[in-house]
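Below: the structure, in structure tokens.
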Number of protein chains: 2
Amino acid sequence: MDDIDLKIIGLLALDAKRSLADIGGSVGLAPSSVNERIRRLTASGAIRRFTLDLDPAAMGMQTLVFVWIALREDADETAFREYAANHPLILECHHVTGAWAYLVKLRVSAPPEIEGFLADLKEHRFLGRSETVIALSSPVPGSFTPKDM
Amino acid sequence: MDDIDLKIIGLLALDAKRSLADIGGSVGLAPSSVNERIRRLTASGAIRRFTLDLDPAAMGMQTLVFVWIALREDADETAFREYAANHPLILECHHVTGAWAYLVKLRVSAPPEIEGFLADLKEHRFLGRSETVIALSSPVPGSFTPKDM
DNA sequence: TACGCACATGGATGACATTGACCTCAAAAT
DNA sequence: ATTTTGAGGTCAATGTCATCCATGTGCGTA
């Protein structure tokens, strides 16, 4: 992965619809060369996929929530990870250092929906303690790509 | 935005390179109709852009970090937001409820790099107190789309 | 009933990705 | 020093695809 690869990735990250000829012009390569590099980057896994960056509000997911979670002593950690991976609202789940075991990031349409989320966690006997943090605004929102649909 | 729009978005989110004919087959529309719907979704802002989902490790950004930040009393909040928006390492920055003012998410190549990040925050006179949390593993990693390049 | 709008269709057109044959350069082997 | 090898580039041919437009269709409204 050299500078040209990085440049190509940078251009595609901003606009994945740019033509190979266009990109080639920007990096000084023929279209087919750009194509071959993209093919290699995809094959190697550096590019995971071509996808969309969506507007959460337009998708009805206005509220961004972070939940710190300490699992129950007797919780099945593997089951929890699988649960998180398949949960449509959970955008990210990280095992973290510090006082809490997991940090979960999710989007809901409105705050009341968080209650249902936590209740479901409890029902599955995962939830020990938790702390919920809601984003009021986002100077740097990050990209939004739902999992399921 | 109806069910068909959602289905189209879902398909494109998984693979934004699928052809219009292919998508049309899945949703029961002619290619040109799918095209028109995508055009509308993009024009309305529901689709922000076509982009890439990258492998952070392949990009040399193995370490995921969350930093809780309380700004200095005399900090220029607007300047901080701008700083965050332009910082290449900061993937997200949210103004949040709770004991801390901001939650910042960033990726670095390795933990030692975090020190430089915090030092820079201090130099800009933003940083009051902070607490740093590092992700050990990520059952649900989320997508990765760097900002700059 | 008649009108108008929003959306779907299908075919023409040109742009584009894709492919393969060939070329170039540099590093490794003889 | 010369040959070999391989990675990566160019160019041109090919076929797929996005795009555009003229037309058709159903539905809510006057």
Side-chain angles (χ1 to χ4, degrees), chain A residues 1-62 109 143-149, chain B residues 1-62 109 143-149:
Chain A
M1 167 122 61
D2 60 10
D3 286 353
I4 295 182
D5 281 338
L6 282 176
K7 216 164 169 183
I8 292 173
I9 285 178
L11 292 170
L12 285 178
L14 287 178
D15 176 12
K17 281 188 103 78
R18 286 187 67 169
S19 74
L20 298 176
D22 197 352
I23 297 169
S26 297
V27 302
L29 284 181
S32 55
S33 301
V34 176
N35 196 29
E36 172 63 11
R37 279 174 178 265
I38 293 172
R39 195 199 59 73
R40 272 203 302 275
L41 287 167
T42 306
S44 75
I47 295 177
R48 285 205 279 237
R49 60 188 178 159
F50 286 69
T51 185
L52 299 181
D53 181 7
L54 298 168
D55 177 11
M59 305 292 292
M61 301 273 104
Q62 289 93 345
S109 58
S143 62
F144 173 57
T145 305
K147 318 197 301 189
D148 58 323
M149 300 184 282
Chain B
M1 166 122 62
D2 59 9
D3 286 353
I4 294 183
D5 282 338
L6 282 175
K7 215 164 169 183
I8 291 173
I9 286 178
L11 292 170
L12 285 178
L14 287 177
D15 176 12
K17 281 189 102 77
R18 287 186 67 170
S19 74
L20 299 176
D22 196 351
I23 296 169
S26 295
V27 303
L29 283 181
S32 54
S33 301
V34 176
N35 195 29
E36 173 62 12
R37 279 173 177 264
I38 293 173
R39 196 198 59 72
R40 271 204 302 273
L41 287 167
T42 305
S44 76
I47 295 177
R48 285 205 281 237
R49 66 216 233 256
F50 286 68
T51 185
L52 299 181
D53 181 8
L54 299 167
D55 177 11
M59 305 292 292
M61 300 274 105
Q62 289 91 347
S109 58
S143 62
F144 173 57
T145 305
K147 317 195 301 188
D148 58 323
M149 301 183 285

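One finds the CZ atom of Arg40(A) at 11.5 Å from the CD1 atom of Ile47(A) (value rounded to the nearest 0.5 Å).
For Asp22(B), the salt bridge (Lys or Arg N to Asp or Glu O under 4.0 Å) partners two or more places apart in sequence, or in a different chain, are Arg18(B). Every residue two or more places apart in sequence or in another chain that forms a side chain to side chain contact (heavy atoms under 4.5 Å, CB included) with Ala58(B) is listed here: Ala46(A), Asp55(B).
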Report all interatomic pairs (protein N or O, nucleotide N or O of nucleotides 21-27 of chain C) with separations under 3.5 Å.
none

Taking only nitrogen or oxygen atoms into account, show me every contact under 3.5 Å that the protein makes with nucleotides 26-28 of chain D, one pair per line with its distance.
none

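Between Met1(A) and Leu41(A), the closest side-chain pair of non-hydrogen atoms falls below 4.5 Å. At a threshold of 4.5 Å between non-hydrogen side-chain atoms, the residues Leu11(A) and Ser26(A) count as touching. At least one side-chain heavy atom of Phe50(A) sits under 4.5 Å from a side-chain heavy atom of Ile38(A).
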For Leu12(A) and Ile23(A), what are the C-alpha separation, side-chain angles and deciding distance, and is it a side-chain contact (heavy atoms from CB on, under 4.5 Å)? CA-CA 8 Å; Leu12(A) 285 178; Ile23(A) 297 169; 3.6 Å; yes
Test log, rule side-chain contact (heavy atoms from CB on, under 4.5 Å), inputs Arg48(A) and Leu54(B): CA-CA 5 Å; Arg48(A) 285 205 279 237; Leu54(B) 299 167; over 6 Å; no
All N/O donor-acceptor pairs, side-chain side in residues 2-10 of chain B, below 3.5 Å, sequence neighbours left out:
| unit_1 | atom_1 | unit_2 | atom_2 | d |
| --- | --- | --- | --- | --- |
| Asp2(B) | OD1 | Ile4(B) | N | 3.2 |
| Asp2(B) | OD1 | Asp5(B) | N | 2.9 |
| Asp2(B) | OD1 | Arg37(B) | NH1 | 2.9 |
| Asp2(B) | OD2 | Arg37(B) | NH1 | 3.3 |
| Asp2(B) | OD2 | Arg37(B) | NH2 | 3.2 |
| Asp5(B) | OD1 | Arg37(B) | NH1 | 2.9 |

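Distance Asp5(B) CG to dA6(C) P: 15 Å, rounded to the nearest Å.
When all heavy atoms of Thr145(A) and Ala13(B) are compared, the pair lying nearest together is CG2-CB, 4.3 Å.
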Per-nt protein contacts along nucleotides 6-20 of chain D (heavy atom under 4.0 Å; B base, S backbone sugar-phosphate only, - none) come out as --SSBB-----SSBB
